[in-house]
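Scroll down for the structure; my scribbles are underneath it.
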Amino acid sequence: MDNLWFAEIRSILRSPKKLIETAAIILVPILYAGMFIWSFWDPYGHLEKLPVAVVNEDKGAQMEGNISPSGISSSKI
């Protein structure tokens, strides 16, 4: 059983094409997992750099004769 493993490894190391294919098979999932973990690592750490705009086109609502401009109160920071 061990000889089979060593023969396969020797075959991979002797052929540049097999070596590149094996390296790609190993590295692509590692790179994908690394980018996935990096993208979700501390998602709130750089929110102050995120440009945000609030557009308030609220005309208000009339309820029982009173005008309620709720959009103005919700867009104030």
Side-chain angles (χ1 to χ4, degrees):
M1 183 78 173
D2 288 337
N3 291 336
L4 183 62
W5 284 99
F6 290 125
E8 190 66 34
I9 290 172
R10 261 187 257 120
S11 170
I12 291 170
L13 292 176
R14 287 182 183 160
S15 171
K17 182 179 177 185
K18 284 184 181 180
L19 187 61
I20 291 171
E21 291 171 351
T22 305
I25 289 171
I26 292 170
L27 290 177
V28 167
I30 290 172
L31 289 173
Y32 181 79
M35 286 188 289
F36 182 77
I37 291 171
W38 175 73
S39 69
F40 283 100
W41 199 275
D42 193 21
Y44 301 109
H46 302 288
L47 282 181
E48 67 274 357
K49 297 177 185 176
L50 182 67
V52 177
V54 176
V55 177
N56 183 7
E57 296 181 349
D58 182 40
K59 295 184 180 25
Q62 188 170 9
M63 184 175 195
E64 298 177 1
N66 297 328
I67 297 177
S68 172
S70 59
I72 293 172
S73 63
S74 65
S75 65
K76 287 184 181 177
I77 297 176

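All values derive from a computational prediction rather than experimental measurement.
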Query raised in the report: So which heavy atom on Ala24 is nearest to which on Pro29, and how close?
Result: O-CD, 4.2 Å

**Report entry** Ser39 (side chain) donor-acceptor with Phe36 (main chain) under 3.5 angstrom
**Finding:** yes

Query raised in the report: If you draw a 6.0 Å radius around CD in Glu8, do more than 12 non-hydrogen atoms from other residues or ligands fall strictly inside?
Result: no

Report summary line: The single option from Ile26, Ile25, Ile20 that satisfies side chain to side chain contact (heavy atoms under 4.5 Å, CB included) with Thr22 is Ile26

Query raised in the report: Cluster question for you: counting only ILVMFWY and a side-chain heavy-atom cut-off of under 4.5 Å, with indirect links fine, are Tyr44 and Trp38 together?
Result: no

Query raised in the report: Within a reach of under 6.0 Å around CD of Glu64, are more than 12 heavy atoms found that belong to other residues, nucleotides or ligands?
Result: no

Query raised in the report: Hey, what do you get for CZ (Arg10) to CG (Asn3), rounding to the nearest 0.5 Å?
Result: 7.5 Å

